[in-house]
Amino acid sequence: MNGARMNLPDWVYAFASVLAGAVLLFLCWKKRQQGVREDRYVLFGKIVIALFMIAFGALLFKVGKA
């Protein structure tokens with residue numbers, strides 16, 4: 001099965017990346033709202049990763065339209 005590849009358009013990956021970043025931010029917020037406290041470094045790291053995922057998705061949207 002060498003030739004069984006799925007070639008998905010860039011906007012699919014862009015949407016998945018933005019959605020994953022948004023979900024990560026939402027889950028961090030929900031966890032904090034329920035009273036679960038995380039170390040500041042862990043929270044900062046999650047926020048940075050989520051923002052990079054959203055920015056990468058936005059870049060893919062831009063590249064996919066070009």
Side-chain angles (χ1 to χ4, degrees):
M1 276 208 179
N2 236 356
R5 289 187 187 151
M6 285 180 42
N7 289 331
L8 297 174
D10 285 341
W11 66 267
V12 174
Y13 296 110
F15 180 73
S17 180
V18 170
L19 184 65
V23 167
L24 183 59
L25 287 176
F26 174 75
L27 290 176
C28 286
W29 171 73
K30 198 69 174 160
K31 196 174 186 182
R32 196 166 173 88
Q33 190 181 31
Q34 290 180 352
V36 178
R37 298 288 177 197
E38 291 180 321
D39 188 27
R40 291 213 185 268
Y41 295 112
V42 172
L43 184 63
F44 179 75
K46 285 182 182 179
I47 290 172
V48 167
I49 288 172
L51 291 177
F52 271 113
M53 291 170 78
I54 292 170
F56 181 70
L59 182 67
L60 271 178
F61 269 126
K62 186 176 179 182
V63 169
K65 302 264 181 188

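Predicted model, so just to flag it, every value in this text is computed and none were measured.
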Of all pairs that satisfy salt bridge (charged side-chain N to carboxylate O under 4.0 Å, His left out), the ones with a partner from [range], not counting sequence neighbours:
range          : answer
residues 14-24 : none
residues 9-24  : none
residues 11-27 : none

Which pairs of donor and acceptor atoms, one on a side chain in residues 38-49, lie under 3.5 Å apart (sequence neighbours left out)?
{"residue": "Glu38", "atom": "OE2", "partner": "Lys31", "partner atom": "NZ", "Å": "2.9"}
{"residue": "Glu38", "atom": "OE2", "partner": "Lys46", "partner atom": "NZ", "Å": "2.7"}

Leu60 to Tyr13 - nearest heavy-atom pair and separation: CD1-CB, 3.9 Å
Could you grab the distance from atom CZ of Phe15 to atom CH2 of Trp11, nearest 0.5 Å is fine? 8.0 Å
With a 4.5 Å cut-off on side-chain heavy-atom distances among I, L, V, M, F, W and Y, is there a chain of contacts connecting Phe52 to Leu59? no
Return all side-chain donor-acceptor pairs below 3.5 angstrom for residues 16-30, not counting sequence neighbours, or 'none' if the list is empty.
{"residue": "Ser17", "atom": "OG", "partner": "Met53", "partner atom": "O", "Å": "2.6"}
{"residue": "Lys30", "atom": "NZ", "partner": "Gln33", "partner atom": "OE1", "Å": "3.4"}

